[in-house]
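Atoms within each ligand, like the ligands themselves, are counted from 1 in listed order.
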Amino acid sequence: MSDLIRPPRGTFDILPEQAPMRRAVVETARATLEDAGYRRIETPAFEVTELFTRTVGEATDIVQKEMYTFNDGKGRSLTLRPEVTAPVMRAYLDHGMHKLPQPVRLWYASSCWRYERAQKGRYRQFWQIGAEAIGSDDPAVDAESIALLAGILSELGVGGLELRIASLGDPAAREAYREVLRDHLRASEGELSDEVRSRLETNPMRAFDSDHEGTREVMKSAPLLADFLGEEDREHFAEVLGLLDAAGIAYEVDPTLVRGLDYYTRTVFEFTSAALGAQSGVGGGGRYDGLAGQIGGPAVPGMGWAAGVERILLAAEERPEPEPVTTLYVATADESPATRRAAFALVCEARRAGITAQMELAGRSLKGQRKQSDRIGARFTAIVEGETIVLEDREDGESWDEESRSAAVASVLRERGLG
Ligand code: ATP
Ligand code: MG
């Protein structure tokens with residue numbers, strides 16, 4: 001099969017045996033978030049490119065090299081979403097959700113696309129679960145949002161979790177700080193990596209993320225943003241930390257925490273897992289009080305996070321998932337049209353009655369069909385031959401419990417005069 005057309009690098013098929021684990025991730029997120037007042041939202045897979053260039057930021061890795069951008073038939077520039085926060089905020093503004101009681105809490109489970117170096121835990125199409133609380137700048141929104149992600153990750157058995165948190169303050173404080181940081185970097189320009197030097201003007205904070213040795217050395221004595229925060233931002237951050245303390249959520253304040261998105265203000269955080277290798281980020285997020293304005297809306301505060309479904313699964317302990325159950329297997333004793341129709345009628349009727357049922361579709365012998373029934377763990381096998389149906393119960397002799405599904409099988413069969 002050397003000529004087989006393969007999927008693009010960094011993408012993958014989700015096979016049936018992987019579906020239950022992935023469903024468990026989404027279901028845990030759904031249950032936790034909906035219990036806390038979040039409701040699901042889905043946005044289009046692609047958006048107008050400007051939505052991301054304006055919000056994620058021109059100088060970020062995502063916008064500079066990771067977006068899948070294309071022109072449609074009318075020459076409009078569109079981009080497959082590399083992240084979901086800006087689309088969710090766009091939807092909030094577009095649908096006038098500011099008229100709803102605030103904060104409006106929305107969650108999603110969506111695929112994202114980023115043209116990155118594909119490796120374990122880093123793909124070009126991947127899935128994120130995420131939560132956004134829009135319309136309140138209360139520090140309790142920040143703490144609650146973080147606590148919900150902590151709960152989801154621990155319920156899913158993600159091991160070796162660590163939470164790092166920082167405050168970026170407001171844009172003015174950040175700009176003042178950037179200037180001081182630039183001066184610091186310029187003073188040792190020769191020791192920096194090419195990449196950091198080339199982004200010295202546009203995005204000096206990325207230097208904290210560098211694993212280049214010379215850069216790291218220079219960063220050890222770098223000024224910290226924490227020392228530039230205004231009074232209100234400081235208080236806001238202290239309150240967030242106090243609430244996390246009250247909830248018993250452990251964290252480490254890391255003033256060098258840099259997130260790869262420009263729209264963050266105030267709180268930013270990231271969960272990492274020791275169970276992961278180089279790609280240790282499981283999920284992260286923060287407050288984005290300037291985002292709505294960047295999209296062209298009024299000033300609306302917001303707070304949220306996204307976590308990678310594949311990274312969660314890589315970091316979670318293996319847990320056996322029960323296979324789906326089939327209650328009734330409908331076998332055919334011969335291949336006559338009458339038998340096949342009767343079998344088909346029975347399987348449809350059973351399903352209508354809420355009984356999981358499958359029928360023979362591969363032309364197996366009766367012996368082969370019994371084996372197949374065993375293989376899928378069906379409790380009942382109905383053997384159809386013309387008008388006759390014989391029901392075999394694998395748990396032989398056990399009386400049928402009126403409330404169980406088997407009672408329903410019995411009643412369907414009885415209705416058909418067969419029970
Ligand atoms: P990283 O530092 O690993 O590049 P990031 O800061 O770019 O992550 P975010 O933009 O905050 O990540 O996305 C949130 C989460 O989405 C990450 O914590 C990670 O779990 C997941 N994620 C991000 N990029 C990828 C990818 N290319 N493949 C798989 N999962 C990803
Ligand atoms: Mg990244």
Side-chain angles (χ1 to χ4, degrees), residues 7-12 14 18 22 25-26 29 51-52 55-57 59-68 79-89 107-132 145-146 148-150 152-153 156 158-166 168 195 199 203 205-211 254 256-264 267-288 291 302-316:
R9 197 173 149 67
T11 68
F12 51 88
I14 298 165
Q18 292 150 355
R22 299 180 67 94
V25 173
V26 175
L51 178 66
F52 302 113
T55 60
V56 172
T60 60
D61 279 350
I62 292 180
V63 169
Q64 288 210 331
K65 49 189 185 197
E66 296 176 2
M67 296 206 304
Y68 281 92
T79 294
L80 290 177
R81 63 176 168 230
E83 64 99 43
V84 197
T85 302
V88 168
M89 180 58 97
W107 77 276
Y108 58 81
S110 304
S111 49
C112 294
W113 294 266
R114 292 183 193 175
Y115 184 68
E116 322 199 45
R117 226 160 58 92
Q119 53 200 292
K120 190 173 177 192
R122 191 178 292 291
Y123 311 100
R124 290 177 176 171
Q125 177 175 6
F126 59 98
W127 271 256
Q128 287 187 340
I129 51 167
E132 315 291 352
S145 168
I146 295 168
L148 289 169
L149 178 54
I152 291 167
L153 296 177
L156 286 166
V158 176
L161 272 180
E162 267 177 46
L163 167 60
R164 290 181 305 142
I165 187 167
L168 298 179
E195 188 175 10
R199 285 206 245 168
N203 199 352
M205 284 170 74
R206 282 307 282 210
F208 282 111
D209 250 1
S210 173
D211 39 26
D254 179 355
T256 70
L257 181 63
V258 180
R259 307 277 316 142
L261 303 149
D262 266 6
Y263 51 61
Y264 286 122
T267 312
V268 286
F269 71 96
E270 183 170 54
F271 281 95
T272 54
S273 165
L276 296 173
Q279 270 55 250
S280 65
V282 180
R287 179 162 279 289
Y288 42 82
L291 177 59
M303 164 79 201
W305 50 258
V309 171
E310 293 76 25
R311 296 224 190 137
I312 289 174
L313 289 174
L314 283 171

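The pair Arg114-Asp61 does not count as a salt bridge, with every side-chain nitrogen at least 4.0 angstrom from each carboxylate oxygen.
Using a 4.0 Å cut-off between heavy atoms, Arg122 contacts ligand 1 through both its backbone and its side chain. Of all the heavy atoms of Val282, the ones lying under 4.0 Å from any atom of ligand 1 belong exclusively to the backbone.
In this structure, Trp127 and Phe12 have tilted ring planes: the angle between them lies in the 30° to 60° band. Taking the six-membered ring for Trp and thresholds of 30 and 60 degrees, Tyr264 and Tyr288 have ring planes inclined between 30 and 60 degrees apart.
For ligand 1, the atoms lying closer than 4.0 Å to a non-hydrogen atom of Tyr123 are 26 (C), 27 (N), 28 (N), 29 (C). Distances below 4.0 Å separate heavy atoms of Glu116 from the following atoms of ligand 1: 24 (N), 25 (C), 26 (C), 27 (N).
At a 3.5 angstrom cut-off on N or O pairs, Ala307 does not count as close to ligand 1. Any N or O atom pair closer than 3.5 Å counts here, and Gly281 shares at least one such pair with ligand 1.
Residue contacts with ligand 1 include Gly121, since one of its heavy atoms falls under 4.0 Å from the ligand. Ligand 1 lies out of reach of Gln279, whose nearest heavy atom is not under 4.0 Å from it.
The option from Gln128, Glu310, Glu270, Arg114 that lies nearest to atom 12 (O) of ligand 1, judged by heavy atoms, is Arg114. Nearest to atom 8 (O) of ligand 1 by heavy-atom distance, out of Glu66, Arg311, Gln125, is Arg311.
Note that CZ of Arg22 and CD1 of Ile129 are 11.0 Å apart. Values are rounded to the nearest 0.5 Å.
For the side-chain contact (heavy atoms from CB on, under 4.5 Å) with Leu291, the qualifying choice from Thr85, Val88, Val56 is Thr85, the only one to do so. Applying side-chain contact (heavy atoms from CB on, under 4.5 Å) to Leu153 and the options Leu163, Val25, Leu161 leaves one that passes, Leu161.
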